[in-house]
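Below: the structure, in structure tokens.
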Amino acid sequence: MQRRYGLLGEKLSHSYSPELHALFGDYSYELFEIAPGDLGDFLRARNFHGLNVTIPYKTTVMAVCDQLSEAAEAIGSVNTVVKRPDGSLFGDNTDAAGFEGMVWKSRIPIRDRKCLVLGSGGASLSVQYVLEKQGAKEIVVVSRSGSSNYGNLDQHRDAQVIVNATPVGMYPNTSAALIDLRKFPNCEGVLDLIYNPARTVLLQQAEALGIPHLGGMFMLVEQARYAAQIFTGSTFPSIRAEGAYHTLCHRKENRVLIGMPGCGKSTIGRELAKLLDHPFIDCDQKLEEHFGVSCADFINRQGEEAFRAEETALLSVLGKESGLVISTGGGCVTRGENYPLLHQNGTIIFLERELSKLPKKGRPLSLRGNLQDMYTMRLPKYRRFADLIVPNDADPVQVAKNVEAAYEAFRP
């Protein structure tokens, strides 16, 4: 009988864990999405050999384990369970090792720092354990109803390291954040355990403010490495975590093409999607399907502002997805609010092409005014949005390869 491993949680439809564990071990790994009312029956049946445990069951599962590891007992939370040959359950905690790896990856110093931990659940317990172990000067746990809560954070404005150990900002509700980093002038580093999206609102604000930061993908990978060792009895060196992290990030990150109307975003995007074996999304095509008329007709009838509002609504949906190649409309950069939508899970590539090679047919905004004036106005915005600039100066297949080569150099 094949051994059954998997992830236990309440909502798991967008988990990366099966794909991640396939990079470590040759074993079956499933998603056990169990409602709270069914958890007892699931655990009593013990129809599994090993589990990773996520929100909201990390502390609940601890109570049914027959034995705990030293780390799980010290932390007070379990995220890895193994069924022994006699049917008993052994509970361990690999989140602590995962978070330790995340701190190492971020290079954010912990010793002698005042650390603010957002959240008091199972993940928070692991974070607190590691921060204490690494010599934090003070650890303040913030919860909705605790003595330190979101209504009295002014007393902790001297915090130097901030860790989000809550699901606030996680897919699909990616527009949320618990705090405003501008209220913490001494902040030296921000760590967010969320890995989807790759850049939460909190992390994007840290980036904008120049504060060192890191999302939860490396923690996810590192805790999976430790869990895979527990499941299989094999040893996976830390270099395997680096490799898995690189692979998963590259698979999951969107490639977002921006540029002038007619610069080749759709053509290059299709070739890039083939190269990566990723789904391709043409935003203008999606909007036309939604409108029932061409974008040109919609703009002529409803005006550009109405069109831009519809475009932003579409980008708010597409931007939070993963592993896509997205060709945007030429004017998406005219709305600053589109940047965080595209940046949360994407690398943004400005596809540059000579003005003389830009077609105008079927492009109402290009026809209405001077193309040079439009380019002059939009160029600073394309550059502000872009992580990379790649010229469209060769055949589409080669340009797609150039885009991905530039991406690989940018995100090694």
Side-chain angles (χ1 to χ4, degrees), residues 1-69 72 77-95 97-98 121-123 126 167 170-172 193-197 216-236 240-241 243-245 247-249 251-252 277 279 321-323:
M1 176 180 135
Q2 190 176 32
R3 299 177 73 79
R4 290 185 85 198
Y5 299 97
L7 177 65
L8 170 65
E10 186 177 5
K11 295 177 182 177
L12 304 174
S13 58
H14 290 272
S15 170
Y16 298 167
S17 290
E19 191 173 350
L20 174 56
H21 277 264
L23 298 172
F24 285 113
D26 183 19
Y27 49 82
S28 169
Y29 194 93
E30 307 170 45
L31 295 178
F32 298 112
E33 192 170 277
I34 307 296
D38 299 325
L39 182 62
D41 290 341
F42 174 81
L43 292 172
R44 278 189 291 273
R46 302 196 178 187
N47 188 21
F48 55 81
H49 294 89
L51 297 172
N52 291 128
V53 185
T54 189
I55 298 170
Y57 300 136
K58 291 185 180 184
T59 50
T60 310
V61 166
M62 183 175 178
V64 302
C65 291
D66 300 290
Q67 187 180 354
L68 299 173
S69 70
S77 172
V78 162
N79 83 318
T80 303
V81 176
V82 175
K83 185 173 74 172
R84 290 167 161 169
D86 64 0
S88 64
L89 298 182
F90 175 74
D92 207 339
N93 189 304
T94 64
D95 274 345
S126 299
M170 186 169 70
Y171 181 96
L193 273 53
I194 292 170
Y195 60 85
N196 186 13
M217 184 72 87
F218 194 81
M219 176 176 171
L220 177 74
V221 171
E222 186 71 345
Q223 66 82 22
R225 178 173 74 92
Y226 278 88
Q229 291 182 152
I230 295 167
F231 291 161
T232 64
S234 302
T235 298
F236 299 102
R240 290 283 296 274
Y245 176 70
T247 298
L248 203 58
C249 286
R251 284 182 190 172
K252 296 302 180 184
D277 193 25
E321 298 300 328
S322 302

Counterpart residues, side-chain hydrogen bond (donor to acceptor under 3.5 Å, both in side chains), relative to Y195 (two or more places apart): none
Least distance between heavy atoms, S77 atom then K58 atom: OG-CB, 3.5 Å
Verdict with supporting geometry, L89 and F48, side chain to side chain contact (heavy atoms under 4.5 Å, CB included): CA-CA 11 Å; L89 298 182; F48 55 81; 4.0 Å; yes
Salt bridge (charged side-chain N to carboxylate O under 4.0 Å, His left out) partners of residues 23-40, not counting sequence neighbours, each pair once: R4-E30
From CG (D92) to CD1 (I230), nearest 0.5 Å: 4.0 Å
Criterion side chain to side chain contact (heavy atoms under 4.5 Å, CB included) on Y57 and L43, from CA distance to verdict: CA-CA 11 Å; Y57 300 136; L43 292 172; over 6 Å; no
Within-4.5 Å side-chain heavy-atom neighbours: N52 and F231: yes
Spatial distance of atom CE (M219) from atom OG (S126) [nearest 0.5 Å]: 6.0 Å
By salt bridge (charged side-chain N to carboxylate O under 4.0 Å, His left out) - contacts of D41 (at least two apart): R44
Any residue meeting side-chain contact (heavy atoms from CB on, under 4.5 Å) with P85, in chain and number order, not counting sequence neighbours: none
Non-neighbouring partners of R46 that pass salt bridge (charged side-chain N to carboxylate O under 4.0 Å, His left out), sequence neighbours left out: D66
Derivation of the side chain to side chain contact (heavy atoms under 4.5 Å, CB included) call for V221 and F24: CA-CA 10 Å; V221 171; F24 285 113; 4.1 Å; yes
Residues which pass salt bridge (charged side-chain N to carboxylate O under 4.0 Å, His left out) with R251, listed by chain and number, not counting sequence neighbours: E19
Side chain Y226, main chain A97, donor-acceptor under 3.5 Å: no
Y27 and Y29 aromatic ring geometry - parallel, tilted or perpendicular at 30°/60° bounds: tilted
Side chain proximity check, Y16 to K252, heavy atoms < 4.5 angstrom: yes
Among L20, N196, D95, the one residue meeting side chain to side chain contact (heavy atoms under 4.5 Å, CB included) with L220: L20
All side-chain contact (heavy atoms from CB on, under 4.5 Å) counterparts of T235, not counting sequence neighbours: Q229
Sequence-distant partners of R84, side-chain hydrogen bond (donor to acceptor under 3.5 Å, both in side chains), two or more places apart: Q67
Flag side-chain contact, heavy atom, 4.5 Å: N47 against F32: no
Nearest non-hydrogen partners of F90 and C65, listed with the distance: C-SG, 4.4 Å
For A72, all residues meeting side-chain contact (heavy atoms from CB on, under 4.5 Å), sequence neighbours excluded: L68, S69, V78, N93
Donor-acceptor pair, side chain of N79 and main chain of T94, under 3.5 angstrom: yes
Worked check of side chain to side chain contact (heavy atoms under 4.5 Å, CB included) between T54 and L7: CA-CA 7 Å; T54 189; L7 177 65; 4.0 Å; yes
Pairs satisfying salt bridge (charged side-chain N to carboxylate O under 4.0 Å, His left out), at least one member in residues 219-236, at least two apart: E222-R225
With sequence neighbours excluded, residues passing side-chain hydrogen bond (donor to acceptor under 3.5 Å, both in side chains) with S17: S15
Residue pair Y171 / S322, side-chain donor-acceptor N/O under 3.5 Å: no
Closest heavy-atom pair and its distance - L12, L31: O-CD1, 3.4 Å
Distance, nearest 0.5 Å, that separates CZ of R240 from OG1 of T247: 10.5 Å
Set of residues satisfying side-chain hydrogen bond (donor to acceptor under 3.5 Å, both in side chains) with respect to S88, sequence neighbours excluded: D86
